[in-house]
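Each remark here refers to the structure printed beneath this line.
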Amino acid sequence: MNILLLGSGGREHALAWKMEQSDQCDKLFIAPGNAGTKRCGTNVALNIKDFPAIHEFCSQEQIDMIVVGPEEPLVLGVQDYFKKHSDIKVVGPSAEAAQLEGSKAYAKEFMLRHHIPTAGYKEFNPSTLQEGIDFIASIEGPVVLKADGIAAGKGVVILEDTAAAQAELTAMLGGKFGQASERVIIEEFLDGIEFSMFAITDGKDYQLLPIAKDYKRIGEGDQGLNTGGMGAISPVPFVDATLMQKVKERIIEPTIAGLHKENLDYKGFVFFGLIQVGNDPFVIEYNCRMGDPETEVVIPRLDSDLMPVLASLFNGTLAQQSVKINPHYATTVMMVSGGYPEAYEKGKEINGVDSAEGSLPFFAGAQENETGQIVTSGGRVLAVTSMAPSMSEALATSYKNAEKISFDKKHYRKDIGFDLEG
Ligand code: AMP
Ligand code: GLY
């Protein structure tokens, strides 16, 4: 099969690395890709939102399957476009099903319809602002405000103070995030520990991928600003067989059954953002794609070939596929540009990657310049993944190599997994 992978992050490097190893993968293209995907296939300078241009490229190169990394093309309807205009298979949901990520209100209503445990909530719009303000006054404890749409990862605000929460609601409904905050969800605060599950589904059957936990805050001890993700661990030690069984019965199976019952066209990855409260799992959010940097620990733990599983989404044989998971731990430490997630500089030479022994370096914001030197091109620069029988051994290798890899103003969290030991 000839494959086109859309995206340019560490997630896409990990997916390209895995697919390229398959004897079912003939030509592999990545659009637009990065310095890492270039080592696995051919990068092509396509805009991932320009579906006609992608179509033209696919026709020229006889692409059989498009694998979509990030959510944006999915929410914009890349699956629907190719379904209408070609017989190229797209790994990813239709625009309607991608609303599970694209609209918090849609996701909440879906969970209510299918009795999937999640925080209680109310939805507000500009005409119900006053009701929202009164509702916040009635809440004890932190107030969780969520812009309905995608707001560049900034649409969730948690505030302890009533007046601050009321001001935030007023700002959001007043257009703080443009269209994304025309509707706002206010939900119950869930106090617990988060983890993520990933499944691949054809809209009827599913296969589970390895479980993971990511570290979103910039600072050690989970302090400071939210980022795209500073590191990840797989598996997650506190998720035992009993919790896993609850997740399957209460969340994963009803979600997949809900997709099927509602006739949603979903052939792709489902990311379940979960939280354990007491002994019970709740859904914090759905994403219609793999996580980043979770993919950089999930994919290396797949011992079986991913290509037949992706192909099976389109021929009704997903349930018969075998997905073998490596029992070892995988850890990844994200190396970022100094200043990230706020302003940072780009174009810094990256050195020492090839001397990173025992790790898989997955590039994110890193590009080759005209002279073939790899330089930084984003906030998250590269994810250093390692595998070992224990979490601490895997982390030690990731950290040893993060020390060897250098670029001006490099930064990484030194405490990935801090809350999971012992
Ligand atoms: P989301 O974009 O929905 O994943 O929210 C971003 C982050 O906000 C989550 O990863 C949680 O850490 C936090 N969060 C979201 N909803 C809640 C909630 N109901 N209770 C507590 N924390 C939450
Ligand atoms: N690491 C979280 C995400 O990919 O959304």
Side-chain angles (χ1 to χ4, degrees), residues 7 9-12 14-15 68-72 74-75 98 100-108 111 117-122 139-160 165 168 172 177 180-181 184-198 209 211-218 222-234 236 269-278 280-299 332-334 336 341 362 364 379-380 383 413 416 419:
R11 166 182 53 210
E12 286 73 26
L15 286 168
V68 186
E71 66 280 7
E72 201 179 8
L74 294 165
V75 171
L100 284 175
E101 172 164 3
S103 164
K104 303 271 187 208
Y106 182 96
K108 282 290 192 184
M111 287 185 265
T118 187
Y121 78 106
K122 278 188 194 245
I139 295 176
E140 289 192 19
V143 181
V144 183
L145 298 132
K146 298 189 174 184
D148 176 55
I150 292 175
K154 298 196 166 66
V156 176
V157 183
I158 301 177
L159 294 165
E160 297 270 351
E168 182 64 33
M172 279 189 175
F177 297 114
S181 65
V184 173
I185 297 287
I186 299 183
E187 70 178 35
E188 177 195 355
F189 179 80
L190 298 177
D191 195 6
I193 182 160
E194 289 176 64
F195 61 104
S196 303
M197 294 283 302
F198 301 90
L209 298 175
I211 184 168
K213 181 170 198 327
D214 81 337
Y215 292 82
K216 289 201 179 85
R217 303 296 194 94
I218 187 70
D222 286 340
Q223 303 295 318
L225 293 175
N226 254 324
T227 70
M230 296 295 290
I233 305 275
S234 174
V236 183
F269 298 102
V270 194
F271 171 153
F272 300 83
L274 305 174
I275 188 166
Q276 182 190 15
V277 182
D280 294 314
F282 290 79
V283 178
I284 291 265
E285 64 168 349
Y286 288 117
N287 292 309
C288 60
R289 53 167 173 91
M290 287 299 290
D292 193 348
E294 292 92 331
T295 306
E296 292 93 306
V297 290
V298 166
I299 289 291
T332 202
V333 172
M334 187 63 80
V336 305
F362 290 120
R380 292 196 293 170
R413 262 180 72 167
I416 299 304
D419 53 345

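Atoms within a ligand are numbered from 1 in the order they appear, just like the ligands themselves.
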Proximity to ligand 2 by part of Glu294, non-hydrogen separation under 4.0 Å: side chain
Minimum side-chain heavy-atom gap Val143-Ile186 below 4.5 Å: yes
Heavy-atom side-chain contact between Val144 and Glu188 under 4.5 Å: no
Test item: Met172 and Phe177 side chains (from C-beta on) under 4.5 Å apart, heavy atoms: yes
Pairwise side-chain contact, Arg289 with Phe269, heavy-atom cut-off 4.5 Å (strictly under): no
Pairing of Asp419 and Lys213 as salt bridge, 4.0 angstrom limit: yes
Close aromatic pair by centroid cut-off 6.0 Å: Tyr286 and Phe272: yes
Close approach, Gly229 and ligand 2, non-hydrogen under 4.0 angstrom: no
Any donor-acceptor pair under 3.5 Å from Ser234 side chain to Ile211 backbone: yes
Any Glu285 side-chain heavy atom under 4.5 Å of Glu101 side chain: no
Any Gly228 heavy atom less than 4.0 Å to ligand 2: yes
Ligand-side contact atoms (ligand 2) for residue partner Gly291, heavy atom cut-off under 4.0 Å: 4 (O)
Min N/O separation Asp214 to ligand 2 under 3.5 Å: yes
Proximity of Arg289 to ligand 2 by residue part, where a heavy atom lies under 4.0 Å: side chain
Pairing of Lys108 and Glu187 as salt bridge, 4.0 angstrom limit: yes
Residues in contact with ligand 1, criterion: heavy atom under 4.0 Å: Lys104, Ala119, Val144, Lys146, Val156, Ile158, Glu187, Glu188, Phe189, Leu190, Glu194, Lys216, Ile284, Glu285
